[in-house]
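Reading through the structure tokens given below for one structure.
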Protein chains: 2
Amino acid sequence: MVRIGIDAMGGDFAPRSTVLGAIAALENTGPDTELYLFGDRSSIEDIRTEAGAGSGTFFIVHCSETIGMEEQAVSAYFRKNDSSIAVGFASLAAGEIDAFVSAGNTGAMLVASMSSLKMVENMPRPCISVELPLISGKKLLLLDVGFNADCRPQMLFRFAGLGVAYARSVMGIGSPKVALLNIGKEAGKGASLYREAYALLEDGCPGFSGNIEPDRIWTPGYDAPDVVVTDGFTGNIVLKQAESVYSVAKARGITDSYLEQFNYEAYGGTPVLGVSAPVIIGHGISTPVAISNMIFKAKKIVEGGLIEKLPIFAT
Amino acid sequence: MVRIGIDAMGGDFAPRSTVLGAIAALENTGPDTELYLFGDRSSIEDIRTEAGAGSGTFFIVHCSETIGMEEQAVSAYFRKNDSSIAVGFASLAAGEIDAFVSAGNTGAMLVASMSSLKMVENMPRPCISVELPLISGKKLLLLDVGFNADCRPQMLFRFAGLGVAYARSVMGIGSPKVALLNIGKEAGKGASLYREAYALLEDGCPGFSGNIEPDRIWTPGYDAPDVVVTDGFTGNIVLKQAESVYSVAKARGITDSYLEQFNYEAYGGTPVLGVSAPVIIGHGISTPVAISNMIFKAKKIVEGGLIEKLPIFAT
């Protein structure tokens, strides 16, 4: 049985989007999945009833507080002990659920990840990751996509280890090809952070294939790596720019099944890596479809045994 | 009279692409423009004759050497005194031409810019810039797009000054709106470099409107800034990713006049800013169309009096 916790109060359209997303997800997850919704019981029940779903659809863990999307993350998380995020993480840390997903306050999710969960060995801080859809049909794991704006070379090396573990356990790639995002192909290119990270990766990362320039990621026909490592500042820039392709295509009246995939709804959220339990953060604007996809991704991470496979390598 | 120098030997398809690009450009520049081609006289003459152009089409400054695309920039530039890049820059420094454009070895172009030209007051290093096409039809100047992978906050502040001068003199925007590329809207977001640069810009940059996230740049209907400042590492990543939109669209069989503009040929190259004369660097793969557009851009920069307007502000 896979038990997935959902922050029912998280996101701009919560709890409607989260309750409807949970109901929709259950149509595809099968009987081996239990969902636990953390939030205001009566609101959740109202929406569930309205949607025509029975009381046995999912479990509700009542929480009397909610952390707002714009609240200062650290103080809100520690002040609101009965918030859906705080109670959800306590459940996760206690092993009552196997994964926790939220489209709520990202800062609070990250504070909660660091303060209530153990870190993976040798990981000083978590990072967040995303599976980018390539034109070839394959996915590419990019990390960090936003948690660590200032990185040291050692951190990039460790992100590579998390990425390799993720690629093996969740993406099903036995020997993932790893690359470092950079502004030139050759070793010695880029900012000093990248020159130093390159040396560490070359020394200690199995499957390391060198630098990759961002246009290469998107080049049709290019044998792209499975895991691309970057710092959280650059990774967030790349992710946001990739997502904007979808809105540009829409504005230009272009319908294309590949460009559709840049709709954030399809991603299944951004898994937090480096902590001792699966956590997925979604966009604030998450719709029921996005919530469903986050639930599917969480299930895949639990079933793949990602956490048990960490750390892959360390210096 | 505007006198533009062209590195006839620069680029993967040179000298054919450069000679044909020069001939094509002259059809639109009018009689107030003189072109000077630096390179091997007989090769240039052969291609000119083949193209049916007369001997008075442009001036040829014979150079006996060429710096290869993959040569180590610093040593090649200083060793090859009679290379088209070295002679072209000497002409530019001596005031014999008003601007110099090349699709040749980028590293050699940057070394030449720094060693043969004076720097603008208070600018320790040049930067390179590009006018990105927005969906609204307007252009946005992004800088630095690749010269300074490691930046200090002060450098970002000075790039803003160069950007303002460029926007006023070349883009015709009297009071340009300036923003800092970042991973969050609010002050205090992003890497430490960006937090410090924000404070400097807020204090001393007229028209500073705060941070901009990269998805906003591309958001239809958003009132985008005219100048966006970033470090050379991040800027190069953004530029390369933007250019890849064109190849993705092509591979998907999408024809769209806006996406077409991400074809590097349309850009007119990347102007080098911060030096005391107009210099434009093009892609190695530049075609005649790209060379023509670089020539037009160079003319616009000369006519706009960019250099005379520098520096705009300094701390």
Side-chain angles (χ1 to χ4, degrees), chain A residues 70 106-107 134-136 145-151 181-184 186 188-195 212-222 230-260 262 264, chain B residues 70 106-107 134-136 145-151 181-184 186 188-195 212-222 230-260 262 264:
Chain A
E70 302 295 331
T106 302
L134 302 187
I135 200 163
S136 63
V145 292
F147 190 41
N148 306 281
D150 283 302
C151 284
L181 190 69
N182 209 326
I183 60 173
E186 306 82 8
K189 285 281 180 176
S192 59
L193 168 66
Y194 282 77
R195 294 195 300 270
I212 184 167
E213 294 173 271
D215 48 335
R216 281 313 228 168
I217 292 180
W218 311 107
T219 299
Y222 181 70
T230 184
D231 67 275
F233 186 84
T234 309
N236 194 266
I237 297 267
V238 169
L239 175 60
K240 284 181 172 150
Q241 195 173 345
E243 287 178 350
S244 68
V245 167
Y246 174 71
S247 58
V248 167
K250 244 176 92 174
R252 296 293 302 173
I254 297 166
T255 314
D256 179 82
S257 60
Y258 173 58
L259 299 187
E260 287 286 326
F262 289 93
Y264 78 93
Chain B
E70 303 295 331
T106 302
L134 302 187
I135 200 164
S136 62
V145 292
F147 189 43
N148 306 281
D150 283 301
C151 284
L181 191 68
N182 209 327
I183 60 173
E186 306 81 7
K189 285 282 181 176
S192 58
L193 167 66
Y194 282 78
R195 295 194 299 271
I212 184 166
E213 295 174 90
D215 48 335
R216 281 312 229 171
I217 292 181
W218 310 107
T219 299
Y222 181 68
T230 184
D231 66 277
F233 186 84
T234 309
N236 194 266
I237 297 268
V238 168
L239 174 59
K240 284 181 171 151
Q241 194 171 345
E243 287 177 351
S244 67
V245 167
Y246 173 73
S247 58
V248 167
K250 242 174 92 174
R252 297 293 302 172
I254 297 166
T255 313
D256 179 81
S257 61
Y258 174 58
L259 298 187
E260 287 286 327
F262 290 93
Y264 79 92

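Only heavy atoms go into these numbers, but all of them, side chains included; no hydrogens, no water, no symmetry mates. Because the structure is predicted, anything quoted here is derived from the model rather than measured. Letters A, B, ... are given to chains in the order of the sequence lines, protein chains preceding strands, and every chain is numbered from 1.
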| Which bit of Thr234(A) is near chain B, if near means a heavy-atom gap under 4.5 Å: side chain, backbone, both or neither? | side chain
| note | Checked Ile237(A), Ile135(A), Asn182(A) vs chain B; the most non-hydrogen pairs under 4.5 Å come from Ile237(A)
| remark: Of all heavy-atom pairs linking Arg252(A) and Ser257(B), the shortest is NH2-OG, 3.0 Å
| query | Measuring heavy-atom distances to chain A, does Ile254(B) have an atom under 4.5 Å in its side chain, in its backbone, in both, or in neither? | reply | side chain
| request: Tell me, out of Ser192(A), Ala242(A), Ala251(A), Gly190(A), who's got the most heavy-atom pairs with chain B below 4.5 Å. | output: Ser192(A)
| request: Heavy atoms only: give me the nearest Ser244(B)-Trp218(A) pair and the separation to one decimal. | output: OG-CD1, 3.3 Å
| Just wondering, are more than 12 heavy atoms of other shown residues or ligands nearer than 6.0 Å to CD in Glu70(A)? | no
| task | Name the region of Gln241(A), side chain, backbone, both or neither, that has any atom closer than 4.5 Å to a heavy atom of chain B. | result | both
| said: Taking NZ in Lys240(A) as the centre, count heavy atoms belonging to other residues, nucleotides or ligands within less than 6.0 Å. Is the count above 12? | reply: yes
| message | Given heavy-atom pairs under 4.5 angstrom as the criterion, report whether the side chain, backbone, both or neither of Asn148(A) touches chain B. | response | neither
| said: When you compare the side chain of Phe233(B) with that of Leu193(A), does any pair of heavy atoms fall below 4.5 Å? | reply: no
| Contact part of Leu239(B) toward chain A, heavy-atom cut-off under 4.5 Å: side chain, backbone, both or neither? | neither
